[in-house]
K.L.:
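Submitted below is the structure of interest, expressed as C-alpha coordinates.
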Number of protein chains: 2
Amino acid sequence: MDVRTICLGILTRGDATGYEIKNLFEDDGYQHFVEASFGSIYPALNRLTEDGLVSVREEAQEKRPDRKVYSITRAGRTAFLASLLKPLPEDRHRSPFVFAMLFADLLPPERLIAMIDGYIVQAEAKLAQLNASHAKAKTPGEAFANGFGRTIYEAMLEYLRSQRGNFIRQTPSAAVAAE
Amino acid sequence: MDVRTICLGILTRGDATGYEIKNLFEDDGYQHFVEASFGSIYPALNRLTEDGLVSVREEAQEKRPDRKVYSITRAGRTAFLASLLKPLPEDRHRSPFVFAMLFADLLPPERLIAMIDGYIVQAEAKLAQLNASHAKAKTPGEAFANGFGRTIYEAMLEYLRSQRGNFIRQTPSAAVAAE
DNA sequence: CTCGATCTATATCGGTCCAATATAGACAGG
DNA sequence: CCTGTCTATATTGGACCGATATAGATCGAG
(Lines give C-alpha, C1' and ligand atoms only; values in the text may rest on other atoms or scores of the structure.)
Protein backbone atom coordinates (compact mmCIF):
# COMPACT_ATOMS: atom_id res chain seq x y z
CA MET A 1 0.00 0.00 0.00
CA ASP A 2 2.11 2.89 -1.20
CA VAL A 3 1.73 6.51 -0.21
CA ARG A 4 0.15 7.49 -3.50
CA THR A 5 -2.69 5.04 -2.94
CA ILE A 6 -3.13 6.19 0.65
CA CYS A 7 -3.38 9.82 -0.48
CA LEU A 8 -5.88 8.92 -3.17
CA GLY A 9 -8.03 7.11 -0.64
CA ILE A 10 -8.05 10.02 1.74
CA LEU A 11 -8.94 12.41 -1.06
CA THR A 12 -11.99 10.33 -1.96
CA ARG A 13 -13.43 11.64 1.31
CA GLY A 14 -12.82 15.29 0.48
CA ASP A 15 -10.22 17.80 -0.67
CA ALA A 16 -7.11 18.34 1.43
CA THR A 17 -3.63 19.81 1.47
CA GLY A 18 -0.53 17.69 2.06
CA TYR A 19 -0.32 19.12 5.54
CA GLU A 20 -3.89 18.12 6.32
CA ILE A 21 -3.34 14.60 5.02
CA LYS A 22 -0.38 14.18 7.32
CA ASN A 23 -2.34 15.41 10.31
CA LEU A 24 -5.14 12.95 9.65
CA PHE A 25 -2.73 10.21 10.69
CA GLU A 26 -1.66 11.87 13.88
CA ASP A 27 -4.91 13.13 15.29
CA ASP A 28 -7.75 10.72 15.50
CA GLY A 29 -9.17 9.39 12.31
CA TYR A 30 -6.97 6.91 10.65
CA GLN A 31 -6.77 4.44 13.51
CA HIS A 32 -2.98 4.00 13.80
CA PHE A 33 -2.95 1.49 10.95
CA VAL A 34 -1.75 3.82 8.24
CA GLU A 35 0.79 6.59 8.21
CA ALA A 36 3.09 8.52 5.89
CA SER A 37 5.66 11.26 6.31
CA PHE A 38 5.90 14.64 4.59
CA GLY A 39 8.90 13.30 2.76
CA SER A 40 6.68 10.84 0.94
CA ILE A 41 3.36 12.73 0.87
CA TYR A 42 4.53 15.77 -1.06
CA PRO A 43 6.32 13.82 -3.80
CA ALA A 44 3.32 11.47 -3.98
CA LEU A 45 0.93 14.38 -4.53
CA ASN A 46 3.22 15.81 -7.20
CA ARG A 47 3.27 12.57 -9.08
CA LEU A 48 -0.47 12.04 -8.73
CA THR A 49 -0.90 15.50 -10.25
CA GLU A 50 1.42 14.67 -13.13
CA ASP A 51 -0.54 11.49 -13.74
CA GLY A 52 -3.84 13.36 -13.73
CA LEU A 53 -5.20 11.43 -10.75
CA VAL A 54 -5.58 14.55 -8.63
CA SER A 55 -5.90 18.24 -9.43
CA VAL A 56 -4.51 21.19 -7.49
CA ARG A 57 -5.76 24.65 -6.85
CA GLU A 58 -3.41 27.09 -5.24
CA GLU A 59 -5.02 29.25 -2.60
CA ALA A 60 -2.76 32.20 -1.99
CA GLN A 61 -4.01 33.47 1.33
CA GLU A 62 -2.94 36.69 2.92
CA LYS A 63 -0.98 36.41 6.12
CA ARG A 64 -0.56 32.64 5.65
CA PRO A 65 1.63 30.42 3.53
CA ASP A 66 -0.01 29.39 0.29
CA ARG A 67 -2.17 26.31 0.38
CA LYS A 68 -2.20 23.73 -2.36
CA VAL A 69 -5.56 22.05 -2.10
CA TYR A 70 -5.77 18.70 -3.85
CA SER A 71 -8.91 17.13 -5.28
CA ILE A 72 -9.24 13.64 -6.66
CA THR A 73 -10.24 13.38 -10.32
CA ARG A 74 -12.48 10.84 -11.96
CA ALA A 75 -9.38 9.03 -13.20
CA GLY A 76 -8.08 9.08 -9.64
CA ARG A 77 -11.22 7.43 -8.30
CA THR A 78 -10.96 4.74 -10.94
CA ALA A 79 -7.30 4.16 -10.12
CA PHE A 80 -8.01 3.94 -6.40
CA LEU A 81 -10.82 1.46 -6.98
CA ALA A 82 -8.51 -0.61 -9.16
CA SER A 83 -5.88 -0.75 -6.43
CA LEU A 84 -8.49 -1.96 -3.93
CA LEU A 85 -9.36 -4.77 -6.30
CA LYS A 86 -5.77 -5.97 -6.50
CA PRO A 87 -4.53 -8.32 -3.74
CA LEU A 88 -3.77 -6.29 -0.63
CA PRO A 89 -0.24 -6.21 0.80
CA GLU A 90 -0.06 -8.07 4.09
CA ASP A 91 -0.15 -6.31 7.44
CA ARG A 92 3.17 -5.66 9.05
CA HIS A 93 3.35 -5.19 12.75
CA ARG A 94 6.87 -4.20 13.76
CA SER A 95 7.42 -4.14 17.49
CA PRO A 96 10.78 -3.16 18.92
CA PHE A 97 9.17 -3.79 22.31
CA VAL A 98 8.38 -7.44 21.64
CA PHE A 99 11.85 -7.90 20.17
CA ALA A 100 13.38 -6.40 23.30
CA MET A 101 11.34 -8.76 25.49
CA LEU A 102 13.17 -11.66 23.85
CA PHE A 103 16.27 -10.33 25.55
CA ALA A 104 14.69 -9.60 28.91
CA ASP A 105 17.32 -11.77 30.60
CA LEU A 106 20.05 -9.39 29.43
CA LEU A 107 18.40 -6.31 30.91
CA PRO A 108 18.74 -4.68 34.28
CA PRO A 109 15.44 -5.44 36.01
CA GLU A 110 14.52 -1.78 36.47
CA ARG A 111 14.93 -1.29 32.76
CA LEU A 112 12.73 -4.29 31.99
CA ILE A 113 10.03 -3.00 34.31
CA ALA A 114 10.28 0.49 32.86
CA MET A 115 9.92 -0.89 29.33
CA ILE A 116 6.81 -2.86 30.16
CA ASP A 117 5.18 -0.07 32.12
CA GLY A 118 6.07 2.48 29.47
CA TYR A 119 4.56 0.28 26.82
CA ILE A 120 1.39 -0.11 28.86
CA VAL A 121 1.09 3.66 29.21
CA GLN A 122 1.49 4.11 25.46
CA ALA A 123 -1.11 1.48 24.71
CA GLU A 124 -3.51 3.07 27.15
CA ALA A 125 -3.07 6.43 25.44
CA LYS A 126 -3.79 4.95 22.03
CA LEU A 127 -6.81 3.11 23.33
CA ALA A 128 -8.09 6.32 24.90
CA GLN A 129 -7.70 8.08 21.56
CA LEU A 130 -9.62 5.35 19.79
CA ASN A 131 -12.36 5.52 22.38
CA ALA A 132 -12.53 9.28 21.96
CA SER A 133 -12.93 9.07 18.19
CA HIS A 134 -15.34 6.16 18.40
CA ALA A 135 -18.43 8.34 18.41
CA LYS A 136 -17.17 10.39 15.48
CA ALA A 137 -17.23 7.47 13.07
CA LYS A 138 -19.29 8.53 10.07
CA THR A 139 -19.31 5.32 8.04
CA PRO A 140 -19.63 1.65 8.95
CA GLY A 141 -16.06 1.30 7.69
CA GLU A 142 -14.77 3.84 10.20
CA ALA A 143 -16.68 2.20 13.03
CA PHE A 144 -15.32 -1.19 12.00
CA ALA A 145 -11.73 0.07 11.87
CA ASN A 146 -12.12 1.82 15.19
CA GLY A 147 -13.53 -1.28 16.83
CA PHE A 148 -10.75 -3.35 15.36
CA GLY A 149 -8.14 -1.08 16.88
CA ARG A 150 -9.85 -1.00 20.25
CA THR A 151 -10.09 -4.77 20.29
CA ILE A 152 -6.37 -5.15 19.70
CA TYR A 153 -5.28 -2.59 22.28
CA GLU A 154 -7.68 -3.99 24.87
CA ALA A 155 -6.35 -7.50 24.33
CA MET A 156 -2.75 -6.28 24.49
CA LEU A 157 -3.37 -4.43 27.72
CA GLU A 158 -5.16 -7.36 29.28
CA TYR A 159 -2.23 -9.60 28.42
CA LEU A 160 0.40 -7.17 29.63
CA ARG A 161 -1.35 -6.52 32.93
CA SER A 162 -1.96 -10.18 33.65
CA GLN A 163 1.54 -11.33 32.64
CA ARG A 164 3.63 -8.47 33.94
CA GLY A 165 4.28 -9.87 37.39
CA ASN A 166 4.91 -13.43 36.32
CA PHE A 167 7.19 -12.45 33.52
CA ILE A 168 9.36 -10.22 35.65
CA ARG A 169 9.60 -12.91 38.31
CA GLN A 170 10.51 -15.61 35.81
CA THR A 171 13.20 -13.59 34.08
CA PRO A 172 16.57 -14.71 35.45
CA SER A 173 18.38 -11.40 35.84
CA ALA A 174 15.28 -9.63 37.10
CA ALA A 175 14.51 -12.39 39.57
CA VAL A 176 18.08 -12.45 40.84
CA ALA A 177 18.16 -8.71 41.31
CA ALA A 178 14.80 -8.78 43.07
CA GLU A 179 16.25 -10.88 45.89
CA MET B 1 15.08 -0.55 15.62
CA ASP B 2 17.44 -0.84 12.69
CA VAL B 3 18.58 -4.02 11.01
CA ARG B 4 22.04 -3.86 12.57
CA THR B 5 20.54 -3.95 16.04
CA ILE B 6 18.22 -6.79 15.09
CA CYS B 7 21.13 -8.82 13.72
CA LEU B 8 23.16 -8.18 16.84
CA GLY B 9 20.31 -9.35 19.01
CA ILE B 10 19.87 -12.56 17.10
CA LEU B 11 23.59 -13.23 17.24
CA THR B 12 23.56 -12.98 21.03
CA ARG B 13 21.67 -16.29 20.89
CA GLY B 14 24.25 -18.02 18.74
CA ASP B 15 26.30 -17.80 15.55
CA ALA B 16 24.50 -17.58 12.23
CA THR B 17 24.88 -16.75 8.56
CA GLY B 18 22.91 -13.97 6.88
CA TYR B 19 20.76 -16.59 5.26
CA GLU B 20 19.93 -18.19 8.58
CA ILE B 21 19.07 -14.85 10.16
CA LYS B 22 16.62 -14.15 7.37
CA ASN B 23 14.97 -17.55 7.80
CA LEU B 24 14.47 -17.00 11.50
CA PHE B 25 11.89 -14.38 10.63
CA GLU B 26 9.99 -16.55 8.20
CA ASP B 27 9.81 -19.83 10.02
CA ASP B 28 8.65 -19.81 13.55
CA GLY B 29 10.76 -18.04 16.08
CA TYR B 30 10.61 -14.35 15.86
CA GLN B 31 6.86 -13.96 16.31
CA HIS B 32 5.99 -11.82 13.28
CA PHE B 33 7.02 -8.67 15.11
CA VAL B 34 10.42 -8.25 13.50
CA GLU B 35 11.66 -8.80 10.00
CA ALA B 36 14.39 -7.73 7.61
CA SER B 37 15.24 -8.46 4.01
CA PHE B 38 18.47 -9.77 2.46
CA GLY B 39 18.94 -6.34 0.98
CA SER B 40 19.41 -4.93 4.45
CA ILE B 41 20.83 -7.92 6.33
CA TYR B 42 23.98 -8.39 4.25
CA PRO B 43 25.02 -4.73 4.28
CA ALA B 44 24.23 -4.64 8.00
CA LEU B 45 26.50 -7.61 8.69
CA ASN B 46 29.27 -6.04 6.62
CA ARG B 47 29.11 -2.87 8.56
CA LEU B 48 28.91 -4.65 11.91
CA THR B 49 32.08 -6.47 10.87
CA GLU B 50 33.83 -3.22 9.94
CA ASP B 51 32.85 -1.78 13.30
CA GLY B 52 34.17 -4.81 15.14
CA LEU B 53 30.79 -5.70 16.62
CA VAL B 54 30.74 -9.10 14.95
CA SER B 55 33.43 -11.40 13.55
CA VAL B 56 33.20 -13.65 10.51
CA ARG B 57 34.68 -17.00 9.72
CA GLU B 58 34.36 -18.22 6.17
CA GLU B 59 33.53 -21.88 5.92
CA ALA B 60 34.38 -23.01 2.42
CA GLN B 61 32.43 -26.23 2.09
CA GLU B 62 32.69 -28.63 -0.81
CA LYS B 63 29.65 -28.95 -3.00
CA ARG B 64 27.98 -25.98 -1.36
CA PRO B 65 28.33 -22.22 -1.58
CA ASP B 66 30.66 -20.78 1.02
CA ARG B 67 29.14 -19.87 4.35
CA LYS B 68 30.04 -16.74 6.23
CA VAL B 69 29.27 -17.50 9.82
CA TYR B 70 28.95 -14.45 12.03
CA SER B 71 29.66 -14.32 15.77
CA ILE B 72 28.97 -11.43 18.06
CA THR B 73 32.01 -9.92 19.79
CA ARG B 74 32.28 -8.55 23.28
CA ALA B 75 32.01 -5.04 21.83
CA GLY B 76 28.93 -6.19 19.96
CA ARG B 77 27.25 -7.40 23.15
CA THR B 78 27.99 -4.10 24.80
CA ALA B 79 26.60 -2.17 21.85
CA PHE B 80 23.45 -4.28 21.78
CA LEU B 81 22.92 -3.78 25.48
CA ALA B 82 23.38 -0.06 25.04
CA SER B 83 20.74 0.07 22.31
CA LEU B 84 18.29 -1.74 24.60
CA LEU B 85 18.86 0.91 27.22
CA LYS B 86 17.99 3.71 24.85
CA PRO B 87 14.31 4.60 24.38
CA LEU B 88 12.69 2.05 22.09
CA PRO B 89 11.16 3.14 18.79
CA GLU B 90 7.39 2.85 18.88
CA ASP B 91 5.51 -0.07 17.38
CA ARG B 92 4.15 0.43 13.93
CA HIS B 93 1.28 -1.65 12.76
CA ARG B 94 0.56 -0.95 9.10
CA SER B 95 -2.60 -2.57 7.85
CA PRO B 96 -3.66 -2.15 4.24
CA PHE B 97 -6.66 -4.28 5.20
CA VAL B 98 -7.96 -1.88 7.84
CA PHE B 99 -7.35 1.02 5.47
CA ALA B 100 -9.35 -0.75 2.78
CA MET B 101 -12.21 -1.31 5.21
CA LEU B 102 -12.57 2.46 5.49
CA PHE B 103 -13.64 2.36 1.85
CA ALA B 104 -15.92 -0.66 2.11
CA ASP B 105 -18.75 1.38 0.64
CA LEU B 106 -16.79 1.78 -2.61
CA LEU B 107 -16.22 -1.93 -3.07
CA PRO B 108 -18.24 -4.56 -4.88
CA PRO B 109 -19.75 -6.67 -2.08
CA GLU B 110 -18.09 -9.89 -3.23
CA ARG B 111 -14.76 -8.14 -3.05
CA LEU B 112 -15.46 -6.89 0.46
CA ILE B 113 -16.44 -10.37 1.60
CA ALA B 114 -13.40 -11.89 -0.07
CA MET B 115 -11.12 -9.37 1.65
CA ILE B 116 -12.52 -10.11 5.09
CA ASP B 117 -12.52 -13.85 4.65
CA GLY B 118 -9.02 -13.79 3.17
CA TYR B 119 -7.79 -11.76 6.10
CA ILE B 120 -9.38 -14.21 8.54
CA VAL B 121 -7.63 -17.13 6.83
CA GLN B 122 -4.29 -15.34 7.03
CA ALA B 123 -4.77 -14.55 10.70
CA GLU B 124 -5.72 -18.14 11.41
CA ALA B 125 -2.55 -19.33 9.72
CA LYS B 126 -0.39 -17.00 11.76
CA LEU B 127 -2.11 -17.99 14.96
CA ALA B 128 -1.60 -21.66 14.12
CA GLN B 129 2.10 -20.97 13.58
CA LEU B 130 2.35 -19.24 16.92
CA ASN B 131 0.56 -22.11 18.62
CA ALA B 132 2.93 -24.57 16.97
CA SER B 133 6.03 -22.74 18.17
CA HIS B 134 4.56 -22.14 21.62
CA ALA B 135 6.04 -25.28 23.13
CA LYS B 136 9.47 -24.55 21.66
CA ALA B 137 9.95 -21.37 23.67
CA LYS B 138 13.26 -21.67 25.50
CA THR B 139 13.27 -18.49 27.54
CA PRO B 140 10.59 -16.59 29.46
CA GLY B 141 11.07 -13.84 26.88
CA GLU B 142 10.16 -16.13 24.02
CA ALA B 143 7.14 -17.44 25.85
CA PHE B 144 6.05 -13.90 26.63
CA ALA B 145 6.43 -12.78 23.01
CA ASN B 146 4.62 -15.85 21.76
CA GLY B 147 1.74 -15.31 24.15
CA PHE B 148 1.58 -11.67 23.17
CA GLY B 149 1.23 -12.61 19.51
CA ARG B 150 -1.37 -15.26 20.21
CA THR B 151 -3.38 -12.84 22.30
CA ILE B 152 -3.51 -10.31 19.48
CA TYR B 153 -4.42 -12.77 16.76
CA GLU B 154 -7.09 -14.38 18.92
CA ALA B 155 -8.64 -11.01 19.68
CA MET B 156 -8.52 -10.01 16.01
CA LEU B 157 -10.19 -13.22 14.94
CA GLU B 158 -12.86 -12.95 17.58
CA TYR B 159 -13.64 -9.43 16.43
CA LEU B 160 -13.67 -10.30 12.74
CA ARG B 161 -15.91 -13.32 13.20
CA SER B 162 -18.38 -11.50 15.40
CA GLN B 163 -18.53 -8.35 13.24
CA ARG B 164 -18.32 -9.85 9.78
CA GLY B 165 -22.05 -10.27 9.21
CA ASN B 166 -23.12 -6.96 10.70
CA PHE B 167 -20.47 -5.02 8.89
CA ILE B 168 -21.32 -6.45 5.50
CA ARG B 169 -25.00 -5.82 6.09
CA GLN B 170 -24.43 -2.23 7.19
CA THR B 171 -22.19 -1.31 4.29
CA PRO B 172 -24.29 0.58 1.75
CA SER B 173 -23.07 -0.90 -1.52
CA ALA B 174 -22.86 -4.40 -0.09
CA ALA B 175 -26.31 -4.16 1.39
CA VAL B 176 -27.78 -2.81 -1.85
CA ALA B 177 -26.21 -5.54 -3.90
CA ALA B 178 -27.35 -8.19 -1.44
CA GLU B 179 -31.00 -7.39 -2.16
C1' DC C 1 4.71 44.05 25.71
C1' DT C 2 7.93 40.95 24.21
C1' DC C 3 10.03 36.54 23.60
C1' DG C 4 9.85 31.84 22.79
C1' DA C 5 6.88 28.19 21.46
C1' DT C 6 3.64 26.33 18.56
C1' DC C 7 0.97 26.27 14.35
C1' DT C 8 0.22 26.43 9.31
C1' DA C 9 2.41 25.07 5.10
C1' DT C 10 5.70 23.39 1.60
C1' DA C 11 9.88 21.18 0.35
C1' DT C 12 14.33 18.57 0.13
C1' DC C 13 18.09 15.44 1.48
C1' DG C 14 20.60 11.59 3.49
C1' DG C 15 20.12 7.35 4.82
C1' DT C 16 17.51 3.05 5.52
C1' DC C 17 15.05 -0.49 3.91
C1' DC C 18 12.40 -3.70 0.78
C1' DA C 19 11.41 -6.36 -3.41
C1' DA C 20 13.28 -8.13 -7.21
C1' DT C 21 16.84 -10.05 -9.47
C1' DA C 22 21.39 -12.46 -10.41
C1' DT C 23 24.42 -16.29 -9.63
C1' DA C 24 25.33 -21.11 -8.81
C1' DG C 25 25.74 -25.78 -7.48
C1' DA C 26 22.90 -29.63 -4.98
C1' DC C 27 19.20 -32.43 -4.61
C1' DA C 28 14.49 -34.37 -4.99
C1' DG C 29 10.41 -35.61 -7.47
C1' DG C 30 7.57 -36.35 -11.45
C1' DC D 1 15.62 -35.40 -17.71
C1' DC D 2 14.00 -31.40 -16.30
C1' DT D 3 11.73 -28.39 -13.23
C1' DG D 4 11.49 -26.78 -8.88
C1' DT D 5 13.32 -26.00 -4.42
C1' DC D 6 17.08 -25.31 -1.24
C1' DT D 7 21.47 -23.30 0.42
C1' DA D 8 24.06 -19.06 0.18
C1' DT D 9 25.70 -14.36 -0.99
C1' DA D 10 25.15 -10.01 -3.20
C1' DT D 11 23.41 -5.81 -5.76
C1' DT D 12 20.24 -2.40 -7.52
C1' DG D 13 16.16 0.65 -8.07
C1' DG D 14 12.88 2.63 -5.90
C1' DA D 15 10.15 3.71 -1.80
C1' DC D 16 10.00 5.65 2.47
C1' DC D 17 11.25 8.02 6.94
C1' DG D 18 13.37 11.43 9.98
C1' DA D 19 15.51 15.54 10.17
C1' DT D 20 16.00 19.86 8.61
C1' DA D 21 15.06 24.44 6.26
C1' DT D 22 12.03 28.28 5.55
C1' DA D 23 8.70 31.67 7.01
C1' DG D 24 5.01 34.37 8.71
C1' DA D 25 1.08 34.01 12.36
C1' DT D 26 -0.59 33.50 16.70
C1' DC D 27 -0.59 32.81 21.54
C1' DG D 28 0.67 32.22 26.28
C1' DA D 29 4.06 33.23 29.94
C1' DG D 30 6.76 36.28 32.17
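Bear in mind that the values here come from a model prediction, so they are computed numbers and not experimental data. Keep in mind that the numbers below use all heavy atoms, side chains included, and drop hydrogens, waters and symmetry copies. Lettering follows sequence order; numbering is per chain, from 1.
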K.L.:
In whole Å, I'd like the distance from the CD atom of Glu20(B) to the C1' atom of dT7(D).
P.N.:
10 Å
K.L.:
For the atom pair CD (Glu35(A)) and CD1 (Ile41(A)), what is the distance rounded to the nearest 0.5 Å?
P.N.:
8.5 Å
K.L.:
May I ask you to check whether Thr49(A) and Asn46(A) show a side-chain donor-acceptor distance below 3.5 Å?
P.N.:
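The answer is no; no qualifying pair exists.
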K.L.:
Return the CD to CG distance between Glu20(B) and Leu11(B), rounded to the nearest 0.5 Å.
P.N.:
10.0 Å
K.L.:
Could you give the CE-to-C1' distance, from Met1(A) to dC16(D), as a whole number of Å?
P.N.:
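Taking CE of Met1(A) and C1' of dC16(D), I get 16 Å after rounding.
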K.L.:
Quick test of your reading of the model: are Arg4(A) and Asp51(A) salt-bridged, counting only N-O distances below 4.0 Å?
P.N.:
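Between Asp51(A) and Arg4(A) there is no salt bridge, as every charged N stays at least 4.0 Å from the carboxylate O atoms.
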K.L.:
With Val98(B), which of Tyr30(A), Phe144(A), Phe148(A) fulfils side-chain contact (heavy atoms from CB on, under 4.5 Å)?
P.N.:
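Result: among Tyr30(A), Phe144(A), Phe148(A), Phe148(A) is the only option passing the side-chain contact (heavy atoms from CB on, under 4.5 Å) with Val98(B).
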K.L.:
Take atom CG of Leu45(B) and atom P of dC17(C), then tell me their distance rounded to the nearest Å.
P.N.:
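The answer, rounded to whole Å, is 12 Å.
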K.L.:
Strictly by salt bridge (Lys or Arg N to Asp or Glu O under 4.0 Å), give each pair with a member in residues 144-159 of chain B just once, sequence neighbours left out.
P.N.:
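Listed by first then second residue: nothing to list.
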K.L.:
To the nearest 10 degrees, what angle separates the axes at the start and end of the helix from dC1(C)-dG30(D) to dG30(C)-dC1(D), five pairs each?
P.N.:
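Taking the rotation axis at each end, their angle is 40°.
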K.L.:
In residues 87-101 of chain B, what residues come within less than 4.0 Å of DNA chain C, judged by heavy atoms?
P.N.:
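Close to the strand, none.
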K.L.:
Between atom CG in Asn23(B) and atom C1' in dC6(D), what is the gap in whole Å?
P.N.:
10 Å
K.L.:
Is there any protein nitrogen or oxygen under 3.5 Å from a nitrogen or oxygen in nucleotides 11-16 of chain C, and what are the pairs?
P.N.:
unit_1, atom_1, unit_2, atom_2, d
dA11(C), OP1, Lys68(A), NZ, 2.4

K.L.:
Just the rounded figure in Å: distance from P of dC17(D) to CD1 of Ile21(A).
P.N.:
13 Å
K.L.:
Determine, for Asp2(A) against Arg94(B), whether the closest basic-nitrogen to carboxylate-oxygen distance falls under 4.0 angstrom.
P.N.:
no
K.L.:
To which residues is Tyr19(A) joined in a hydrophobic cluster, defined by side-chain heavy-atom contacts under 4.5 Å among Ile, Leu, Val, Met, Phe, Trp and Tyr, whether direct or through other members?
P.N.:
Phe38(A), Tyr42(A)
K.L.:
Any side-chain N or O of Thr17(A) less than 4.0 Å from the OP1 or OP2 oxygen of dT8(C)?
P.N.:
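No, because none of the side-chain N or O atoms of Thr17(A) sits under 4.0 Å from OP1 or OP2 of dT8(C).
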K.L.:
Check the distance between dA23(D)'s C1' and Arg67(A)'s CZ and give it to me in whole angstrom.
P.N.:
17 Å
K.L.:
Have a look at Glu58(B) and say if it touches a base, only the backbone sugar-phosphate, or nothing, with a 4.0 Å heavy-atom cut-off.
P.N.:
nothing
K.L.:
Specify the separation, in whole Å, of atom CD1 of Ile41(A) and atom P of dC16(D).
P.N.:
11 Å
K.L.:
Can you name the nearest heavy-atom pair linking Ala100(A) to Leu88(B), along with the distance?
P.N.:
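Shortest heavy-atom contact: CB-CD1, 4.1 Å.
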K.L.:
Does the side chain of Asp91(B) come under 3.5 Å of the side chain of Ser95(A) through a donor N or O and an acceptor N or O?
P.N.:
yes
K.L.:
Looking at residues at least two apart in the chain, or sitting in another chain, which of them share a ring pair (Phe, Tyr, Trp, His ring centres under 6.0 Å) with Phe80(A)?
P.N.:
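Phe80(A) satisfies ring pair (Phe, Tyr, Trp, His ring centres under 6.0 Å) with Phe103(B) only.
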K.L.:
Whole-Å distance between dT9(D) P and Arg57(B) CZ?
P.N.:
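Taking atom P of dT9(D) as the reference, CZ of Arg57(B) is at 12 Å.
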K.L.:
Of all the choices, dC18(C), dT8(C), dC6(D), which nucleotide is nearest to the side chain of Tyr19(A) once you look at every atom?
P.N.:
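Given the options dC18(C), dT8(C), dC6(D), the side chain of Tyr19(A) is closest to dT8(C).
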